[in-house]
2 protein chains.
Amino acid sequence: MATARYDRLKLENQICFPLYASSKEVIHRYKDYLTEIGLTYTQYIAMMVLWERAPLSVKGLGEFLYLDSGTLTPLLKKLEKSGLILRERDPQDERSVTISLTEAGRGLREKAIQIPEKMESCIPLTNEEAQTLYKLLYKILKTV
Amino acid sequence: MATARYDRLKLENQICFPLYASSKEVIHRYKDYLTEIGLTYTQYIAMMVLWERAPLSVKGLGEFLYLDSGTLTPLLKKLEKSGLILRERDPQDERSVTISLTEAGRGLREKAIQIPEKMESCIPLTNEEAQTLYKLLYKILKTV
DNA sequence: CTCGTTTATATTGTGCACTATTTATTATAA
DNA sequence: TTATAATAAATAGTGCACAATATAAACGAG
């Protein structure tokens with residue numbers, strides 16, 4: 001029938017759109033909490049990796065975050081300016097830049113610790129639903 | 001125990017990160033198909049709404065896409081420059097701008113029709129999994 | 001009617017996100 | 001060993017995304 005020809009081109013019939021929109025929506029719900037500790041969302045996820053794994057190269061950080069130097073270099077310069085991290089050329093390999101945390105950077109972790117907790121109440125899913133969502137998203141993410 | 005204190009601050013223990021990363025990943029998988037028809041991802045979802053519902057105001061379009069005039073105005077100016085749409089003040093209400101499709105804009109739908117099909121093979125989920133994902137994402141999205 | 005308020009876009013400014021290119025350094029193959 | 005290739009960051013340029021503000025038009029209470 002004529003009306004069905006374009007059905008799959010409808011916004012509500014594609015998985016990409018709710019993925020795109022809900023990602024933005026969740027980041028938006030973080031905003032007030034992140035403003036309190038002076039970070040943007042991307043800076044926050046970068047700090048999450050650094051709290052666990054610093055010192056780390058820009059490349060190494062990018063592999064965890066799925067981001068390249070084009071995004072990370074300016075972002076890391078801002079974190080450096082804020083006094084949270086240090087950026088230093090690796091003496092062993094001068095191509096590489098090593099990111100390490102300052103005392104202030106490590107200290108910020110204490111303030112950030114309440115954020116995941118607060119966020120859970122902003123996402124209306126049961127533990128089981130969140131688990132299911134998590135697995136489906138990683139199934140998409142891990143497939144090359 | 002001491003190591004558990006920061007566990008919830010790990011990237012892999014938060015739902016926001018796979019959401020953010022897989023959204024970008026899926027958009028990336030669209031890229032080649034969209035380049036072929038000369039659209040960016042955001043332009044594509046805007047055209048999807050317009051194919052179904054034009055003529056439509058900027059505000060109306062924004063409500064479907066969860067985007068405001070700050071994002072839409074420059075994007076729509078580009079689509080106008082490409083000859084796909086028209087932007088005209090509504091004579092009934094001069095505050096409002098009505099977006100309508102040109103012949104070229106309507107014609108592009110024929111080229112776009114193969115994209116959802118091609119994309120399905122890029123997302124490694126069964127129909128049932130896609131359905132589940134879809135419902136969970138809209139559950140997040142619809143909650144204010 | 002008219003002044004204050006609301007509404008619809010547009011504009012400005014900041015911060016990603018990504019592509020393509022450049023630069024510097026290291027690794028490697030002939 | 002040396003020319004070539006590969007690698008890691010940085011840079012340049014484009015396009016969102018969103019907050020804040022400005023502008024213009026429409027609405028509404030008195």
Side-chain angles (χ1 to χ4, degrees), chain A residues 16-17 19-32 34-35 38-47 55-63 65-82 85-99, chain B residues 16-17 19-32 34-35 38-47 55-63 65-82 85-99:
Chain A
C16 67
F17 179 71
L19 199 53
Y20 157 85
S22 62
S23 169
K24 287 194 306 166
E25 174 59 26
V26 168
I27 288 171
H28 178 78
R29 290 180 197 173
Y30 269 93
K31 221 221 147 208
D32 286 349
L34 291 176
T35 301
L39 295 179
T40 65
Y41 179 74
T42 315
Q43 291 167 6
Y44 172 63
I45 60 176
M47 289 302 289
L56 190 65
S57 68
V58 173
K59 178 179 168 54
L61 179 59
E63 282 168 0
L65 298 176
Y66 300 84
L67 292 172
D68 65 11
S69 69
T71 301
L72 288 175
T73 296
L75 182 146
L76 292 169
K77 283 182 176 174
K78 280 170 208 151
L79 292 177
E80 185 182 38
K81 209 169 203 171
S82 306
I85 65 165
L86 295 177
R87 298 163 62 242
E88 294 161 311
R89 287 283 163 185
D90 180 354
Q92 305 302 307
D93 183 345
E94 291 279 347
R95 292 172 301 182
S96 180
V97 168
T98 301
I99 312 300
Chain B
C16 67
F17 179 70
L19 199 53
Y20 156 84
S22 61
S23 169
K24 288 193 306 166
E25 175 58 26
V26 168
I27 289 172
H28 178 77
R29 289 180 198 174
Y30 270 92
K31 220 221 147 209
D32 287 348
L34 291 176
T35 301
L39 296 178
T40 64
Y41 179 74
T42 315
Q43 290 167 6
Y44 172 62
I45 61 175
M47 289 301 291
L56 190 65
S57 68
V58 174
K59 178 178 167 58
L61 180 59
E63 281 168 0
L65 298 175
Y66 300 87
L67 291 172
D68 64 13
S69 69
T71 301
L72 288 175
T73 296
L75 182 145
L76 292 169
K77 283 182 178 175
K78 280 170 208 151
L79 291 177
E80 185 182 38
K81 210 170 203 171
S82 308
I85 66 165
L86 296 177
R87 298 163 62 242
E88 294 162 308
R89 287 281 163 187
D90 180 354
Q92 305 303 307
D93 183 345
E94 290 278 349
R95 292 171 303 180
S96 181
V97 168
T98 302
I99 311 300

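Chain letters run A, B, ... following the sequence lines, proteins first and then strands; every chain starts at 1.
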In whole angstrom, give the distance that lies between atom NZ of Lys77(B) and atom C1' of dT14(D).
-> 17 Å

With no hydrogens and no angle check, is any side-chain donor or acceptor of Arg87(A) less than 3.5 Å from a backbone partner on Thr98(A)?
-> no

Quick one, give me the B/S/- string for nucleotides 12-18 of chain C, reading 5' to 3', where B means a protein heavy atom under 4.0 Å from the base and S means that only happens at the primed atoms, P, OP1 or OP2.
-> ---SSBB

Taking the side chain as every heavy atom from C-beta outward, state whether Leu76(B) and Leu61(B) have any pair of such atoms under 4.5 Å apart.
-> yes

Counting only distance, no hydrogens or angles, is the base of dT7(C) paired donor-acceptor with the side chain of Arg95(B) under 3.5 Å?
-> yes

Give the C-alpha distance, both sets of side-chain angles, the deciding distance and a yes or no for side chain to side chain contact (heavy atoms under 4.5 Å, CB included) between Leu19(B) and Glu25(A).
-> CA-CA 10 Å; Leu19(B) 199 53; Glu25(A) 174 59 26; over 6 Å; no

CG of Asp93(B) versus C1' of dT7(C): gap in Å, rounded?
-> 8 Å

Taking atom C1' of dA24(D) as reference, at what distance in whole Å does atom NZ of Lys59(B) sit?
-> 17 Å

Do Asp32(B) side-chain atoms and Thr35(B) backbone N/O form a donor-acceptor pair below 3.5 Å?
-> no

Mind checking the OG1-CG spacing from Thr71(A) to Leu65(A)? Nearest 0.5 Å is all I need.
-> 10.0 Å

Could you check if a side-chain atom of Phe17(B) sits within less than 4.5 angstrom of a side-chain atom of Tyr66(A), using non-hydrogen atoms only?
-> yes

Taking atom types as they are modelled, is there a donor-acceptor pair under 3.5 Å from the base of dA9(D) to the side chain of Thr73(A)?
-> no

In whole Å, what is the span from the CG atom of Leu34(B) to the P atom of dC16(D)?
-> 11 Å

Please state how far atom CD in Glu80(B) lies from atom P in dT9(C), giving the value in whole angstrom units.
-> 14 Å

Has the side chain of Ser69(A) got a donor or acceptor that lies under 3.5 Å from a partner of the other kind on the base of dA10(D)?
-> yes

Atom-pair distance (CG on Leu72(B); P on dA17(D)), nearest Å = 9 Å

Provide, to the nearest angstrom, the distance between the CD atom belonging to Glu94(B) and the P atom belonging to dA10(C).
-> 12 Å

Any Val26(A) side-chain heavy atom under 4.5 Å of Tyr20(B) side chain = no

Taken to the nearest whole Å, CG/Leu65(B) to C1'/dC16(D) is 13 Å

With respect to the side chain of Arg87(A), which nucleotide from dA10(D), dA25(D), dA8(C) is positioned closest?
-> dA10(D)

